[in-house]
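First comes the structure, then the notes that go with it.
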Amino acid sequence: MKECYLGVDIGSISTKGVIIDNDNNIIKSLYIWTEGNPVEAVKRLISKLKANLPKSIVIKGIGTTGSARKLIGLMLDANIVKNEITAHAVGTLSRIPDARTILEIGGQDSKIILLDNGIITDYSMNTLCAAGTGSFLSSQAKRLGVDVEEFGELALKSENPVKIAARCTVFAESDLIHKAQIGYDKKDIIAGLCRSVVINYLNNVGKGKKIKGPIVFQGGVSKNKGVLKYFKEILHEDVIVDKDSHLMGALGIAILSKKYRTEKTYSLDINNISFETIGSECKGCANNCEVLKIYKDKVLIDSFGNKCPKGAVKS
Amino acid sequence: MSKNNQGAKKILSFPQMGNYYIPVKYLFKHIFSCEIMSPPNITTKTIELGSKYSPEFVCTPFKYTLGTFIESLDRGANILVQAGGGCRYGYYSELQEQILKDLGYEFTFVNFVTAGNRNIKNILKEIRKFEPKFKKIRALYYLFITSKMIKYMDNIDHYIRENIGFEVEKDSFIKLNNRMLKDFSKVKSYYQLRKLYKSYFMKFRELKINKPENCLKVGIIGELYTVMEPFANYYLERELASYNIEIKRYTNAHYLVFEKAREVKKYLKYASEYIKYRMGADAHDNIGRTKYLCTHGFDGIIHIKSSFCTPEIGAMPIINKICKQYNVPVIYFSFDANTSEVGIKTRIEAFYDMIEMRREK
């Protein structure tokens, strides 16, 4: 019998799952698209993770993180539900214990985490704007007719990246069209985009933060070699990208679920469980809170979204 | 959308902020002869209305108070009272009056702070606009009771903030506080008020709490309206209390009205290595408080403001510097009508994890 732990990171764009053993080794991992439906994505994720899993493995803990952590935490009956900042820090520290700075760029949010002696000392997340995140890159890739996976390779080929006014996603797009129309080469435009993501990130999320080495870059965008190149160039320092850099959140939450494990054993048979959410508007006052009711096998298990006791749903 | 409330019975209303509508209503009820209407509770609709008719880049207190005025007018109020602050808020009344008049409302606007200036003569002139037989001596007496009521409320609030995160019975503090406020609003004399305060203070102390010796302590500083109106800060204090954190907050109505003038000089002296002159509104106070919190064993500081709050934007780099120097974590929140609540919760949770981790090491 081998004791294992499942960590699930449900982001806006992608859903990540890892199964780790007691020594934090990844036994199995998976990265799939969320496609706007976290419940379905997690069902797919788990059924794929479950396939071909050795019989000797028992799951002793489940953790969830990412923007849908609360919902999926209820669905999987997780023993820990934690924010992505802590999860990312824990995950990274398990691989690179002396990391001082974590640069993380995901689908819709980006964050910077500063560490000292293995504890978080400061962090920040993008607030008002999504320029400089993964969705920005993927939408621009679509516009240029390039696969987002090839983006990085193409950017590396460029020798003079085009300057793109990338303060805002929409304006960046118009500037990009303009640059394409006046005849710039595609690879130079792509390199310019990668560069603008870095500049935007450092000006927005990284503002006022002292970035010290060792620097770790992770999140989906860390797989983009172009962005990595410009981070190194602009920060004048080496930037480490782990081979599992896209899974760090899931790894971190799996480690946390190990830390908070109980005697309970979890089953991964969730495909047959019906899991439904019904949203309704509370008419108690002019706040009109959107209350979300969560049913598991037709039984109400939780509700959230109400600002005051008036909107509380009684089961 | 012309609403003619003029000519009918006089109904006075004022902006909403925290629980302070209770003492304000108490004061007005005793010194004015017209009917006093409590401002409606702030809801999502208030801020929607306020944002719709406000300049886009004005700070949120403007939007909240404008929204409240519109809701009050729709409910039949025809006299509105506004008072200003030490920043551009001091000039808000004039603009709000114009916006409301342009919307077709007819009402008397009473502005206690004209163009950033507060003086008795002006206030009396404003009051006589709708209350020709205003009695000054009576007003002074009730002003005294009201000031004490605010002081007592703030004292109790202070105790609540320190202990609510550790209450044994859920909502016991809030329930008792609501009962106290209800009783406060009915007092007839200062003597009665003081007796009530003392008995409630005992009751608060008797509420069961489960507070560890060295619990986590967090200080909240920032722009005054956002700090004091829980709706405007997305119930930040309630959220923090749910993590069993002791909360320290300085800004309250008693401080602003009665103590600030005196305290500011102290703060300027206390933090003289960081600041030499006043920066408007509460910016310099917050810099002084940051130094205090950093040197008195607080685990973290949360700075909140409404978006586009100029004095606080000026204070933030200095606050950052002080916190770096003393190695105390600080986070900043800027709230406006479009803030995502989930984002705030994620950041608070991470902040809690961070200060807890630092404690463990």
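All figures in this text were calculated on a predicted structure; none of them were measured in a lab. Below, each value reflects all heavy atoms present in this structure, side chains not excepted, and no hydrogens, waters or symmetry copies. Just so it is clear: chains get the letters A, B, ... in the order the sequence lines come, proteins before strands, and each one is counted from 1.
When heavy atoms are compared at a cutoff of 4.5 Å, B:Phe231 approaches chain A solely by way of its side chain, counted from C-beta outward. With a 4.5 angstrom heavy-atom cutoff, B:Tyr235 touches chain A only via side-chain atoms. Residue contact with chain B, scored on non-hydrogen atoms closer than 4.5 Å, is absent for A:Lys210. B:Glu48 does not touch chain A: none of its heavy atoms, backbone or side chain, sits under 4.5 Å away. Neither the backbone nor the side chain of B:Ile355 comes within contact range of chain A; no heavy atoms are under 4.5 Å apart. With a threshold of 4.5 angstrom between heavy atoms, A:Asp116 does not approach chain B through any atom at all.
Geometrically, B:Lys321 does not engage B:Tyr274 in a cation-pi contact, judged by NZ or CZ lying under 6.0 Å from the ring centre and within 45° of the ring axis.
There is a side-chain donor-acceptor pair under 3.5 Å between B:Asp74 and B:Tyr105.
Here the side chains of B:Phe335 and B:Ser306 are not in contact, with every heavy-atom distance at 4.5 Å or above.
Shown are B:Leu236, B:Ile220, B:Leu216; of these, the side-chain contact (heavy atoms from CB on, under 4.5 Å) with B:Ile247 is made only by B:Ile220.
Interface check for chain A: of the options B:Met357, B:Lys345, B:Met354, the most heavy-atom pairs under 4.5 Å are formed by B:Met354. Ranking A:Lys70, A:Glu84, A:Lys82 against chain B, the residue ahead of the rest is A:Lys82, based on heavy-atom pairs under 4.5 Å.
Atom CD of A:Glu290 has 12 or fewer neighbouring heavy atoms from other residues, nucleotides or ligands inside a 6.0 Å radius.
The aromatic rings of B:Tyr225 and B:Tyr64 sit parallel to each other, their planes meeting at less than 30°, with 60° as the upper class boundary.
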